[in-house]
2 protein chains.
Amino acid sequence: MDCIFCRIAGGEIESNILYQDDQVIAFPDINPNAPVHILVVPLKHIESLVDLTASEEPLMGHMRAVANRLARDAGVSQKGYRLVVNCGPEGGQLVPHLHLHLLGGRKMGSLG
Amino acid sequence: MDCIFCRIAGGEIESNILYQDDQVIAFPDINPNAPVHILVVPLKHIESLVDLTASEEPLMGHMRAVANRLARDAGVSQKGYRLVVNCGPEGGQLVPHLHLHLLGGRKMGSLG
């Protein structure tokens, strides 16, 4: 198990866990791109968006719902925020374990 | 009904519809930010992410699944792509009707 997100989820690497349930975990990005930059990560090791099966379709809905809750907790719900999922090399995915970026706390710029 | 996405969904404004089912519609962004830039939009007028109810949680999973299918159709599945949802003014949301951006066809840059 050399996946860094699996090691964080398993408690092997310490992180500031902001949320956890039986499906996902959330913690701050270690290289933040905005004042609020949180990752929502499924506990199950799913490599990327393209690897999600039809039965896993609800997972992204749940990740989104968790992100909304974290946006509220971080006080950025009203001003606004951005959710990003990168997939594969051209998408800019750096860690090969599916994750959703929640970004807020400043006016977001280009889509990338 | 002065919402531009509702008017596209209703056929009142012509667009190049790439996908449609009983929940969502997809068409190219008129101001593309990448060679592939497609919007996946729910037919129902939901203003933004913060307005999604718990019962609408599966909708984002479905929008993601449709985006994956469109990424495959556009030939960017393997190289990679990015999904973005902007919410509210600081998130960069320009049209007040929930939509998911699918971006690909070049290496994506910053998260914004």
Side-chain angles (χ1 to χ4, degrees), chain A residues 29 31-37 39 47-69 71-72 75-94 96 98-112, chain B residues 29 31-37 39 47-69 71-72 75-94 96 98-112:
Chain A
D29 195 294
N31 292 308
N33 193 267
V36 175
H37 189 172
L39 303 179
E47 195 162 310
S48 85
L49 271 181
V50 288
D51 302 301
L52 272 176
T53 62
S55 69
E56 288 163 343
E57 191 176 301
L59 179 63
M60 279 301 296
H62 181 61
M63 288 166 72
R64 193 280 316 161
V66 169
N68 264 31
R69 179 189 165 140
R72 220 169 33 237
V76 298
S77 262
Q78 292 312 308
K79 285 189 169 174
Y81 54 96
R82 170 174 289 178
L83 303 185
V84 180
V85 182
N86 296 329
C87 176
E90 284 202 352
Q93 184 176 5
L94 298 179
L98 177 63
H99 52 287
L100 181 150
H101 297 263
L102 160 63
L103 299 136
R106 66 165 171 80
K107 174 96 175 114
M108 302 308 298
S110 153
L111 295 171
Chain B
D29 195 294
N31 292 309
N33 193 268
V36 175
H37 188 171
L39 302 179
E47 196 162 307
S48 87
L49 271 181
V50 289
D51 302 302
L52 272 176
T53 62
S55 68
E56 287 163 344
E57 190 175 303
L59 179 63
M60 278 302 296
H62 182 61
M63 288 167 72
R64 193 281 316 165
V66 169
N68 264 31
R69 179 189 166 140
R72 222 171 30 241
V76 297
S77 262
Q78 292 310 308
K79 285 190 172 175
Y81 53 94
R82 171 173 289 178
L83 303 185
V84 181
V85 182
N86 296 329
C87 176
E90 285 202 352
Q93 183 175 6
L94 298 179
L98 177 63
H99 52 289
L100 180 150
H101 298 262
L102 161 63
L103 298 137
R106 65 164 169 81
K107 174 94 173 114
M108 302 307 297
S110 153
L111 295 171

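Remember, predicted model here, so these are calculated numbers, not experimental data. Any value given below was found using the heavy atoms of this structure, including those in side chains, with hydrogens, waters and symmetry copies removed. Numbers restart at 1 for each chain; the letters A, B, ... are given by sequence-line order, proteins then strands.
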Engineer: Between A/Glu90 and B/Gly105, which heavy-atom pair has the shortest distance, and what is it?
Structural biologist: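 The answer is OE1-C, 3.7 Å.
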Engineer: Taking B/Gly61, B/Gly88, B/Gly112 one by one, which has the highest count of heavy-atom pairs under 4.5 Å against chain A?
Structural biologist: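 Option with the greatest count: B/Gly112.
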Engineer: So among A/His37, A/Arg82, A/Met108, which one has a side-chain contact (heavy atoms from CB on, under 4.5 Å) with B/Leu111?
Structural biologist: A/His37
Engineer: Which residue is it: B/Asn86, B/Val85, B/Leu49? I am looking for the one with a side-chain contact (heavy atoms from CB on, under 4.5 Å) to A/Tyr81.
Structural biologist: B/Leu49
Engineer: Please report the interatomic distance CG(B/Asn68) to OG(A/Ser48), rounded to the nearest 0.5 Å.
Structural biologist: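 If we round to the nearest 0.5 Å, B/Asn68:CG and A/Ser48:OG are 8.0 Å apart.
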Engineer: Any idea which of B/Pro58, B/Pro89, B/Ala65 has the most non-hydrogen atom pairs under 4.5 angstrom with chain A?
Structural biologist: B/Pro89
Engineer: Does any heavy atom of chain A fall under 4.5 Å from the side chain of B/Arg72, the backbone, both, or neither of them?
Structural biologist: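 It is neither, since no heavy atom gets under 4.5 Å.
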Engineer: With a 4.5 angstrom heavy-atom cut-off, is it the side chain or the backbone of A/Gln93 that approaches chain B, or both, or neither?
Structural biologist: neither
Engineer: Enter the distance from B/Asn33:CG to A/Ser110:OG here, rounded to the nearest 0.5 Å.
Structural biologist: 4.5 Å
Engineer: Would you say A/Lys107's side chain and B/Gly91's backbone share a donor-acceptor pair under 3.5 angstrom?
Structural biologist: no
Engineer: Working to the nearest 0.5 angstrom, can you tell me the gap between B/Met60 CE and A/Glu57 CD?
Structural biologist: 11.5 Å
Engineer: Please round to the nearest 0.5 Å and tell me the distance separating atom CZ of A/Arg64 and atom CE of B/Met63.
Structural biologist: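 Interatomic distance, A/Arg64 CZ to B/Met63 CE, rounded to 0.5 Å: 10.0 Å.
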